[in-house]
There are 2 protein chains.
Amino acid sequence: MVQDTVADGATGDADACCTPLGDVDADAMAIDLQVLSAMGNDTRYELLRRIANADDGVCVCDLEAAVGVSQSAVSQALSRLYAAGLVTRRKEGSWRYYEPTETTVALLETLDDLRGTHE
Amino acid sequence: MVQDTVADGATGDADACCTPLGDVDADAMAIDLQVLSAMGNDTRYELLRRIANADDGVCVCDLEAAVGVSQSAVSQALSRLYAAGLVTRRKEGSWRYYEPTETTVALLETLDDLRGTHE
DNA sequence: AGCTTATACAAGGAAATACTAATATGTTTC
DNA sequence: GAAACATATTAGTATTTCCTTGTATAAGCT
């Protein structure tokens, strides 16, 4: 397993205020960024919420009606969510059903908890 | 408390495959999107990780050395993280120390857990 | 086979983003 | 108060993003 890290430019000279900081795991960062940037968009977030709300899989046609963008935009958004590991897709006849992954469920739950409790 | 929701375009006619989907809370969405889009960026994610890694607050000068962008860019990134409620800032002399909020800690932990366990 | 429906892919453009450079503000030190 | 340092703000720009239109693929129907 590659254990690459992003270099810490400040390593070496400890100035008045500057203490060297722990490095960031580059692989983890890449994965997390995929996830976060995929979720962090109006259209995709809403699609994800709707997919997560439904108990069973949701087909694309449902989603198209729900969010205010073209069929093509929905398809692209879903592809991106899929690439980020946030949804699974299953083909059934000519429809395609999307379901949330554990990652999606866990993150949305965390977000809900945070909003509920504080601030 | 306002309980606004994003309208579900498909409400009413139930087609062959289309079932109406639960609506998405607009307030929750706005907050979550602030958080997710703030975190979902290379520079800001790395800053956040470094801030979260440090036990005590981190001052901007540390961070500037660590990530490969200008002082101005770091300042802007930190402002955005602050606006999203992901860090607190405290002034001490001419330095400014940033610390992670509970939101940051919880989300990064969730992401770590997810990466560790599956896939 | 041809038509319709469901979804994906490709190309282009408008809008948002994230940076740099320059300047401003505030703090410490001399 | 002036110089030096730490951070923020502004303005401009290059890149990226996200959507639309148009086309392709694939399945179901007649």
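To find a chain, count down the sequence lines: A is the first, B the second, and so on, and within it residues start at 1. The analysis underlying the following values was restricted to heavy atoms, covering all of them including side chains, and did not include hydrogens, waters or symmetry mates.
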Side-chain donor or acceptor of S75(B) under 3.5 Å from a matching atom on the base of dA6(D)?
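Under the 3.5 Å cut-off, the side chain and the base do not form any donor-acceptor pair.
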So, does the side chain of Q76(A) form a donor-acceptor pair with the base of dT20(D) at under 3.5 Å?
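A donor-acceptor contact between them is present.
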Candidates [options] - which lies nearest the side chain of [X]:
| X | options | value |
| --- | --- | --- |
| C59(B) | dT20(D), dT7(C), dT7(D) | dT7(D) |
| S72(B) | dA22(C), dC19(D), dT7(C) | dA22(C) |
| V69(B) | dT20(C), dT7(D), dT7(C) | dT20(C) |
| E64(B) | dT7(D), dT20(D), dA8(C) | dT7(D) |

Please tell me if R96(B) has a side-chain N or O lying less than 4.0 Å from either OP1 or OP2 of dA6(D).
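R96(B) to dA6(D) OP1/OP2: no side-chain N or O under 4.0 Å.
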5'-most contact on DNA chain D: R80(A) or Y98(B), nearest heavy atom basis?
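The 5'-side residue here is Y98(B).
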Quick check on DNA chain D: between K91(A) and N41(A), whose nearest nucleotide comes earlier from the 5' end?
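In this pair, the answer is N41(A).
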Report yes if some heavy atom in the side chain of L63(B) is under 4.5 Å from a heavy atom in the side chain of V67(B); otherwise report no.
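Side chain of L63(B) against side chain of V67(B), heavy atoms only: no contact under 4.5 Å found.
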State plainly whether one hydrophobic cluster holds both M39(A) and I31(B), where clusters connect Ile, Leu, Val, Met, Phe, Trp and Tyr through side-chain heavy atoms under 4.5 angstrom apart.
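No, no single cluster joins them.
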Starting at the 5' end of DNA chain C and moving along, which residue's nearest nucleotide shows up first, S79(A) or S94(A)?
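Mapping each residue to its closest nucleotide by heavy atoms, the 5'-most match is S94(A).
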Tell me, with the steps shown, if R49(B) and D32(A) meet salt bridge (charged side-chain N to carboxylate O under 4.0 Å, His left out).
CA-CA 11 Å; R49(B) 274 283 177 199; D32(A) 288 354; 3.1 Å; yes
Please find the pair of heavy atoms, one from A84(A) and one from A38(A), that lie closest to each other, and give the distance.
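Nearest pair, atom of A84(A) first, then A38(A): CB-CB, 3.7 Å.
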